[in-house]
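Read through the structure below, which is laid out as structure tokens, and then see the notes.
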Amino acid sequence: MKATIVTIGDEILIGQIVDTNSGFIAKSLDKIGVEIHEMTSISDNKNHILETFSKLQNQVDLVVITGGLGPTKDDITKHTFCEYFEDKLVRNEAVETHVIDLIERAMKRPASQMNKDQALVPSKCIVLHNQVGTAPGMWMKKENTVYISLPGVPYEMKYIVENEIIPKIVREYERPYIIHKTIMTYGQGESLVAERIENWENNLPEFIKLAYLPSPGRVRLRLSARGTDKEFLEQKIAENVLSLSKIIGDIIVGFDGDETIEVILGRLLLDKKMTLATAESCTGGKIAQVITSVSGASKYFKGSVVSYATETKISVLGLSEQLIKDHSVVSFEVAKAMAIAVKKLMKSDYAIATTGNAGPTKGDGKAEIGTVFIAIATPNEVIVEEFDFGQPREKVIDRAVNKAFEMLQKEILKNLL
């Protein structure tokens with residue numbers, strides 16, 4: 001079963017909003033064995049919508065459309081559906097009752113005629129109930145293709161996908177199994193990882209595909225198997241993951257993408273009943289931001305000093321002016337002193353410190369753009385490393401954050417031995 005996802009809205013095309021709906025829909029369909037053939041975004045234009053519908057007719061089994069279902073005049077999807085399916089709008093009593101109840105209960109006011117008109121739907125459509133909003137979803141079929149229209153509001157779209165569409169597809173259609181397994185690696189780039197696993201990759205069965213998903217400091221390896229025997233697919237995936245672990249076990253940090261490095265670090269610190277603090281200069285608080293994005297981080301993260309300016313390193317962290325004068329603000333010695341200082345200040349067991357030149361100019365230091373010193377203070381020692389992360393600025397910061405996490409994980413694991 002193949003599907004195309006279509007988002008409708010000029011606000012997406014001009015970059016005013018980011019389309020997150022397509023990703024959610026794709027992931028939800030993939031889980032039940034529906035293959036995503038294409039994703040596309042089109043304008044709020046009737047002719048454009050009609051052309052897209054016509055192009056997809058009988059090319060895919062399922063077309064899922066989001067957007068254009070609001071109560072205002074620029075929301076034209078329902079009218080376009082009627083034209084494409086040679087249908088007319090009729091008032092659905094169940095939808096109207098729900099709309100009136102929702103407006104009066106949630107907004108404490110009478111439902112306007114514009115609100116009530118959300119109950120107008122094509123007469124031939126199967127209505128998909130929207131418990132959390134006023135715009136219902138619509139399910140219509142023409143020849144060999146099903147067209148599903150959903151509201152663009154993310155939480156409304158998600159409700160209908162989870163509670164209406166997925167159950168209906170599972171009940172009514174036979175689908176192959178699609179099994180994914182994602183291996184999280186950390187600390188080596190895509191090309192180096194590819195070199196290490198080349199022979200393993202070349203010997204994968206034909207029904208298992210490997211995809212490289214790189215980002216700064218980390219590479220996700222996604223194995224995908226497709227077939228009719230779920231147990232067989234899962235067994236073969238497991239066998240190949242095991243053989244892969246024997247090759248690159250030193251850089252594997254988790255599986256299935258649900259455990260990022262920050263989650264893994266948090267669990268390690270919790271298990272050891274240890275705490276962490278950060279002193280950030282060139283990373284500007286991004287390390288702390290990533291750490292605190294994990295629920296429950298307050299149990300192990302003490303806090304951060306974003307000592308971006310040289311005077312803050314002196315006044316808040318207590319670094320010596322002479323130390324900075326002698327070695328420069330971007331130096332081994334300053335990074336080490338920052339880690340020691342914030343560890344003491346926050347009374348933590350571990351500390352991360354960063355100082356560097358992310359660019360585009362040299363600032364207070366003499367170091368070349370891209371130079372970053374990262375220090376990890378442990379209960380027993382301080383480890384400092386120098387890096388050249390190149391350019392541009394965003395790349396330097398992201399790589400520094402990821403390298404800091406890699407170094408911290410290494411030191412925590414070392415202390416577990």
Original post:
Counting N and O atoms only, with roles assigned by atom type, does the side chain of T312 sit under 3.5 Å from a partner on the main chain of Y308, one being a donor and the other an acceptor?
Top reply: no

**OP:** Run the numbers on S149 and T77 for side chain to side chain donor-acceptor pair (under 3.5 Å), then give the verdict.
**Re:** CA-CA 8 Å; S149 180; T77 302; 5.0 Å; no

Original post:
Between the main-chain N or O of K286 and the side-chain N or O of E280, is there a donor-acceptor pair closer than 3.5 Å?
Top reply: yes

Original post:
Do E35 and R226 sit within salt-bridge range, that is, some charged N less than 4.0 Å from a carboxylate O?
Top reply: yes

**OP:** Under the side chain to side chain contact (heavy atoms under 4.5 Å, CB included) rule, what do I376 and I352 come out as? Steps first, then yes or no, please.
**Re:** CA-CA 5 Å; I376 306 295; I352 299 172; 3.8 Å; yes

Subject >> Check: Y159 main-chain N/O paired with N163 side-chain donor or acceptor under 3.5 Å >> reply: yes

Subject >> Check: S320 side chain, L323 main-chain N or O, donor-acceptor pair, under 3.5 Å >> reply: yes

Using residues 1-16 as the side-chain source, report each donor-acceptor pair under 3.5 Å to any protein atom, sequence neighbours left out, with the distance given to one decimal.
from, atom 1, to, atom 2, distance (Å)
T7, OG1, T40, O, 3.4
T7, OG1, S41, OG, 2.5
D10, OD1, D44, N, 3.1

Original post:
Going by an N to O cut-off under 4.0 Å, is there a salt bridge joining K273 and D349?
Top reply: no

Original post:
For V241, does its backbone N or O pair with a side-chain atom of K181 as donor and acceptor, under 3.5 Å?
Top reply: no

Original post:
When P151 is tested against each of L128, I160, T66 for side-chain contact (heavy atoms from CB on, under 4.5 Å), which residue passes?
Top reply: I160

**OP:** State, with a plain yes or no, whether a side-chain heavy atom of I65 is found less than 4.5 Å away from one of F81.
**Re:** yes

Original post:
Quick check: does any side chain N or O of H327 sit under 3.5 Å from a backbone N or O of V334, one acting as donor and the other as acceptor?
Top reply: no

Subject >> K325/E321 salt bridge by N-O under 4.0 Å criterion >> reply: no

**OP:** Using the test ring pair (Phe, Tyr, Trp, His ring centres under 6.0 Å), find all partners of F24 that sit at least two apart in sequence or belong to another chain.
**Re:** none

**OP:** Tell me, with the steps shown, if K336 and E333 meet salt bridge (charged side-chain N to carboxylate O under 4.0 Å, His left out).
**Re:** CA-CA 5 Å; K336 180 178 180 179; E333 291 77 10; over 6 Å; no

**OP:** Show your working on salt bridge (charged side-chain N to carboxylate O under 4.0 Å, His left out) between R196 and D250 and close with a plain yes or no.
**Re:** CA-CA 12 Å; R196 293 182 64 183; D250 57 313; 2.9 Å; yes

**OP:** Quickly, which of H98, Q118, E156 forms a side chain to side chain donor-acceptor pair (under 3.5 Å) with T134? Name it, please.
**Re:** Q118

Original post:
Judged by modelled atom types alone, do Y147 and Q57 share a side-chain donor-acceptor pair under 3.5 Å?
Top reply: yes

Subject >> R175 and D61 ion-paired at < 4.0 Å >> reply: no

**OP:** Taking N21 for its side chain and G152 for its backbone only, find out whether a donor-acceptor pair lies under 3.5 Å.
**Re:** yes

Subject >> Donor-acceptor under 3.5 Å (T185 side chain, V219 main chain) >> reply: yes

**OP:** State, to 0.1 Å, how close V384 and A375 come at their nearest heavy-atom pair, and which atoms those are.
**Re:** CG2-CB, 3.8 Å

Original post:
Is the backbone of G390 close enough, under 3.5 Å, to the side chain of K395 for a donor and an acceptor to pair up by distance?
Top reply: no

